[in-house]
Each structure stands twice: as structure tokens, then as C-alpha cells.
There are 2 protein chains.
Amino acid sequence: MPADTKAKLLESAERIVRERGYNGFSYADLAQEIGIRTASIHYHFRAKSDLVLALIERYAERIAGGLADLSRTGPTGAHRIAGYIAVYRDALREGSSLCLCVSLSADAESLEPTALSALEAFHRAGVAWLTEAFELATADGSIERVGVPASEAAATLALVEGAQLVGRASRSVEPFDAAVLLLRARLGDAG
Amino acid sequence: MPADTKAKLLESAERIVRERGYNGFSYADLAQEIGIRTASIHYHFRAKSDLVLALIERYAERIAGGLADLSRTGPTGAHRIAGYIAVYRDALREGSSLCLCVSLSADAESLEPTALSALEAFHRAGVAWLTEAFELATADGSIERVGVPASEAAATLALVEGAQLVGRASRSVEPFDAAVLLLRARLGDAG
DNA sequence: GTCTATACGGTGATAGAC
DNA sequence: GTCTATCACCGTATAGAC
């Protein structure tokens, strides 16, 4: 099935970048994993920078889709925040990988301006979604003591990204859970 | 002054790793920066893994020293937490670099077990120091609504590390400040 | 679409002269 | 302590055959 090679490449590349970082993966790794030669990868993605940009855009769309679902199904602000935390917890995969954009943020220096812009857009979208969720929580009373929604959103994004990093360093979810414990406690039953 | 070459190497290496990550720096970068050949670096650090381990240990000692000073001079729990946030804010250097251990956590897969252990120890020491600070804050009443100190500590460490990452992605301190705004508000005058 | 072959610079690391 | 010389890869990328 040569038609979906591009999809396979994106799938494998995402996993490798999330485990090893942008500078820690190569076309050789990728080629070996899906069983073609490195030269063939260049047919699908002219340069590594093109691949990484496609990776971010695909990832951002997927996450945006998941958050849109959460917005539809999460009955309260607290439920939505709980769902957001779960997305990052799952992405940590027991300490073996990071959110793609957490991994790439650390390697920001090696990225092209286009990739950097996509990375910033990802973060802006996360903060925007969280801000809405905290606004809803203020309205529906599902979270105690909500501060300015935009500030709560910025803090929550940083918290879950940092929690991933600490979990990654110990190859375990435990530090992640410890870091988000107080936030989840504020969510009541939804947490 | 060939005697302090080792110190110069550590200084330069730390800066480069904090800007570009473990996999984004090479002995060649280092050699060029301090004006010797790559072969000479091997005299001081047999392998790259030895250099990175020395880097973490040196960094951990330096930060521990700074925190010990803060413990001595910070009159209240709130002042100590404020000082801790400032340490991470300074390390971000306007968005151009990360805390060494934030950078290395993202590249955890590429590190030797000894370096990984040192990284975990760094995080444990941070949480331990913060736990003490939050315990003090509970006792002196300098922070409102303190939860379980150990949980506050885990959340604070993740918050500042994540805030750095988001700042790094936009090459700016602004996202860092936005992320820690609510925590600093809880610190009252000390924030 | 994928291959072989190849270019060409970068990579950590070592041996041995000075 | 630092050098030159050299090693054995690995890195991204391209040309052109099939």
C-alpha cells in the first residue's frame, strides 16, 4: 500500500519526535521504521523542516478537534478542564513521550520561523479554549474561586506542560498527577 | 590561562545546552567558542555524557546555593516562593534559554542513567525546598488558602517549568509572566 | 513512488607528537 | 594541555534509473 506512505511517515515521525525531540530523530530512523529508504522520504517531504511543519499542523488540528468534542460534551466548565488535563496526561504515555508541541518548544532554536509560528498558534489556541472553559465555570459555578479566566487559562496550560516535563524526567505519570492534584481538587466531582 | 579551560567549557556548554538542547550542541560548537580543538575537550571530559553529567551537578549545586540564600533572607513563605519564581524567570533570559534541567528533561531519551538520576534529584530538591516554603507560609499566614504543602510544591515546580517552555516557544517572557500571575497574586506584597 | 548511488559536511572519539 | 591527523560513522539532501 504505497498510497498511504505519507500518513505512515507522519505517524512514525510524530512518535519519534515526541520521544526524542527534533534534533534526536533522523530520516534514517524513520526510513528503517516504515521500511523504505531515506531518499524516498524526500519525495514526500522535500526537507526535514517541511516534515516538522506538517507534523505540527496535523497535531494542532487533531487536538483542536478533540477540544471541540469536549466543548460539545462537557456539561460544565469543570468537566472541560478535567478533560483538558486528561488530554495532556494521555499524551505523556506513562512518561515515555511528550506532547508534540512541548517537545518542539524545547528545541525552538532549531526550528524554522514557519514552524515557530505554528507552535505559537498551538499555544494561543490552547489558552483561548481554556479561557472559554474558565468563563463557563465562572458562570455555572462548577469551579470554586475562579480568578480572571485568561489568567487561569495561562496558568493551566503552563501547569500541564510543566507536569509532562517532570513526568518525562522520571519516566512516570506520578509527578504529573502530583502536579495537577490541587487543580483537580478544585474541579469537584468532575476532577 | 589554560588552567581554567575546564571552567570555560562548563560555562559555554551550559549556555549552549540551555539554548539548543542536548542533541543540538556538539564538541565542535564548544571548541570554536572557547578557541581550542575538539580533541582537547576530550582531555577534560572523556565523553559527551561525562560533560553533561558534570553540567547537571554543577547546575544543581548552584541553584541549591541560591535557594539556601533565599531560605536565609526570605522573611516569609511568600517571599521565598516569590524568589523561586524569580529564579526561573531569570533563567528564561527573555525567552532565549531554558533552565538546564528543563532543557535536558525534554531530551531525557538521549541521556545516560546517571544523568537521568541527577535530573530527578534536581526535581526532588526543588519540590522539597518548595514544600518547606509552603509549610512556612501556612505557619506565618503569608499566603492565602495554602493547600497541602507538598501538593502546592509539585504544582509550583510544574507551573514555572511549563511557563518557561511556553515563553521559549514565543522567545519572550510575557507568557511566563501571564502563567504565574495568579500565583504571584496569592503572595500579596511579596509577589 | 521507490530505488541505488553519491555528495559532502558534521559527529564523537582516539593515537601520538609536542 | 593542546595540537594534528585520522577514524568510522551518521546527517540531510540530490540525481537519475526503474
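Only this structure's heavy atoms are used, side chains among them; waters, hydrogens and symmetry mates stay out. Chain naming here is simple, since letters A, B, ... match the order of the sequence lines and numbering starts at 1 in each.
- When the C1' atom of D/dC10 is taken as reference, atom CG of A/Asn23 falls 14 Å away, rounded to whole Å.
- Within the 4.0 Å cut-off from OP1 or OP2 of C/dG1, at least one side-chain nitrogen or oxygen of A/Tyr43 is found.
- We find that CD1 of A/Ile36 is positioned 9 Å from C1' of C/dG1, with the value rounded to whole Å.
- Put simply, CD1 on B/Ile34 is 13 Å from P on D/dG1, counting in whole angstrom units.
- In this structure, the side-chain contact (heavy atoms from CB on, under 4.5 Å) partners of B/Ile85, at least two apart in sequence or on a different chain, are B/Ile81, B/Val160, B/Phe176, B/Val180, B/Leu183, B/Arg184, B/Leu187.
- With rounding to whole Å, A/His44 atom NE2 is found 7 Å from C/dG1 atom P.
- Taking the ring centre of A/Tyr43 as origin, the terminal cationic atom of A/Lys6 falls outside the region bounded by 6.0 Å and 45° from the ring axis.
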Compile the donor-acceptor pairs under 3.5 Å between side chains in residues 66-77 of chain B and protein atoms, sequence neighbours left out, one pair per line.
{"from": "B/Asp69", "atom 1": "OD1", "to": "B/Arg72", "atom 2": "NH1", "distance (Å)": "3.1"}
{"from": "B/Asp69", "atom 1": "OD1", "to": "B/Arg72", "atom 2": "NH2", "distance (Å)": "3.2"}
{"from": "B/Ser71", "atom 1": "OG", "to": "B/Leu67", "atom 2": "O", "distance (Å)": "3.2"}
{"from": "B/Ser71", "atom 1": "OG", "to": "B/Trp129", "atom 2": "NE1", "distance (Å)": "2.8"}
{"from": "B/Thr73", "atom 1": "OG1", "to": "B/Asp69", "atom 2": "O", "distance (Å)": "3.0"}
{"from": "B/Thr76", "atom 1": "OG1", "to": "B/Ala78", "atom 2": "N", "distance (Å)": "3.4"}
{"from": "B/Thr76", "atom 1": "OG1", "to": "B/His79", "atom 2": "N", "distance (Å)": "3.1"}
{"from": "B/Thr76", "atom 1": "OG1", "to": "B/His79", "atom 2": "ND1", "distance (Å)": "2.8"}

### Query
Taking protein heavy atoms under 4.0 Å as touching, what does nucleotides 7-18 of chain C look like 5' to 3' if B marks base contact, S marks sugar-phosphate-only contact and - marks none?
----SSBB----

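- Looking at residues two or more places apart in sequence or on another chain, you find a side-chain contact (heavy atoms from CB on, under 4.5 Å) between A/Arg37 and A/Ser40.
- Note on B/Ser40: a side-chain N or O is less than 4.0 Å away from OP1 or OP2 of D/dC3.
- Within the structure, ring pair (Phe, Tyr, Trp, His ring centres under 6.0 Å) pairs that include any residue of residues 12-40 of chain A comprise A/Tyr27-A/His42 (at least two apart or interchain).
- For A/Leu30 and D/dG11, the CG to C1' distance is 14 Å, given to the nearest whole Å.
- Residues in residues 106-127 of chain B take part in these ring pair (Phe, Tyr, Trp, His ring centres under 6.0 Å) pairs, two or more places apart or across chains: B/Tyr59-B/Phe122.
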